[in-house]
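Everything below concerns the one structure shown next.
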Amino acid sequence: MRFRLFGALAVIVLALSTAWFAQATAQESLPSATPTPSAAPAPATPPDQPKAPQPVPQVDPSPAAIGGLAGMSAFMACGYLGELADGLAAGRDSAWVEARAAALARGLIVNMRQLESVGAMGNLDPAAHAQLAALRRLLAALGEQAKFLELYSVTQEPTMAETYRELRERTWSETGRLLGLNKAAAASLAPGGSTLGLPKAKATPTPTPSKD
């Protein structure tokens with residue numbers, strides 16, 4: 001009887017132990033619950049940053065500088081040629097006038113080629129190219145004016161003087177426009193040489209006072 005009781009208890013204990021072991025094993029095999037990550041907080045909106053000042057577009061000063069310098073060079077050339085022409089008409093040595101007119105003609109050719117080199121750089125806008133073209137034409141006309149004065153001082157040919165006078169009118173008109181001279185200022189600053197090669201006006205004899 002005692003043996004049967006112990007046997008029954010042993011069977012019960014064994015059954016309970018097996019059930020407990022199976023339950024423990026099942027729990028260990030299940031994945032552990034992972035906590036749900038909380039959503040990251042939205043980044044705070046940064047305050048409006050002050051906008052950097054926009055750079056002011058720079059205007060290329062070279063065309064205006066070239067125009068101003070060329071205008072003053074033309075002004076000085078017109079005046080110098082006028083002085084030479086008036087000196088020749090007043091009896092200045094023709095060889096002296098010829099040498100100076102030739103030197104000015106050569107210098108103007110160099111200036112014209114320098115302007116051509118600037119225009120060939122290809123970094124100027126159409127307005128600047130047009131301005132350079134006008135300046136080249138003016139310098140070329142001044143060079144011709146100097147050349148005809150040089151020729152007239154040697155040959156005393158009236159047609160040379162006539163061409164000089166025509167070129168003088170054209171170059172002075174364009175120079176006055178470049179410098180912004182009004183009519184009155186242009187007339188008061190006009191260079192000499194306007195009468196080169198023309199017959200000198202005869203002096204009007206002073207009337208003799210009557211003896212009566």
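Since this is a predicted model, take the numbers as computed values, not measurements. Scope of the values below: all heavy atoms of this structure, side chains included, with no hydrogens, waters or symmetry mates.
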When the side chains of residues 86-96 are checked against the rest of the protein, which donor-acceptor pairs come out under 3.5 Å, sequence neighbours left out?
{"unit_1": "Asp86", "atom_1": "OD1", "unit_2": "Gly193", "atom_2": "N", "d": "3.0"}
{"unit_1": "Asp93", "atom_1": "OD2", "unit_2": "Ala95", "atom_2": "N", "d": "3.4"}
{"unit_1": "Asp93", "atom_1": "OD2", "unit_2": "Trp96", "atom_2": "N", "d": "3.1"}

Straight-line distance of Ser73 OG to Leu108 CG, nearest 0.5 Å: 8.5 Å
Listed partners of Thr159 passing side chain to side chain contact (heavy atoms under 4.5 Å, CB included), at least two apart: Glu157
Residues forming a side chain to side chain contact (heavy atoms under 4.5 Å, CB included) with Met72, sequence neighbours excluded: Phe75, Leu179
Atom of Gly71, atom of Thr175 and distance for their closest heavy-atom approach: O-CG2, 3.9 Å
Which atom of Ala105 lies closest to which atom of Gly143, heavy atoms considered: CB-O, 3.9 Å
Same apolar cluster: Leu198 and Met160, side chain cutoff 4.5 Å: no
Distance (rounded to the nearest 0.5 Å) between Leu189 CG and Cys78 SG: 11.0 Å
Nearest-0.5 Å distance that lies between atom CG in Leu167 and atom CG in Leu142: 8.5 Å
Residue pairs, two or more places apart or on separate chains, that pass side chain to side chain donor-acceptor pair (under 3.5 Å) and touch residues 100-114: Asn111-Gln114
Side chain to side chain contact (heavy atoms under 4.5 Å, CB included) partners for Ala140, two or more places apart: Met112
In one Ile/Leu/Val/Met/Phe/Trp/Tyr side-chain cluster, 4.5 Å: Leu115, Ile109: no
Shortest non-hydrogen contact from Trp172 toward Ala186: NE1-O, 3.1 Å
Pairs flagged by side chain to side chain donor-acceptor pair (under 3.5 Å) wherever residues 176-197 is involved - sequence neighbours left out: Glu174-Arg177
Close side-chain approach of Arg168 to Leu81, heavy-atom, < 4.5 Å: no
Could you tabulate the donor-acceptor pairs under 3.5 Å formed by side-chain atoms of residues 144-154, not counting sequence neighbours?
{"unit_1": "Gln145", "atom_1": "OE1", "unit_2": "Thr171", "atom_2": "OG1", "d": "2.8"}
{"unit_1": "Lys147", "atom_1": "NZ", "unit_2": "Glu150", "atom_2": "OE1", "d": "3.3"}
{"unit_1": "Tyr152", "atom_1": "OH", "unit_2": "Gln156", "atom_2": "OE1", "d": "3.4"}
{"unit_1": "Ser153", "atom_1": "OG", "unit_2": "Leu149", "atom_2": "O", "d": "3.4"}
{"unit_1": "Ser153", "atom_1": "OG", "unit_2": "Glu150", "atom_2": "O", "d": "2.6"}

Interatomic distance, Leu178 atom CG to Leu135 atom CG [nearest 0.5 angstrom]: 6.0 Å
Side chain to side chain contact (heavy atoms under 4.5 Å, CB included) involving Glu166 - partner list, sequence neighbours excluded: Glu162
Gap separating the CG atom of Leu84 from the CD atom of Glu98, nearest 0.5 angstrom: 12.0 Å
CZ/Arg170: more than 12 non-hydrogen atoms of other groups inside 6.0 Å: no
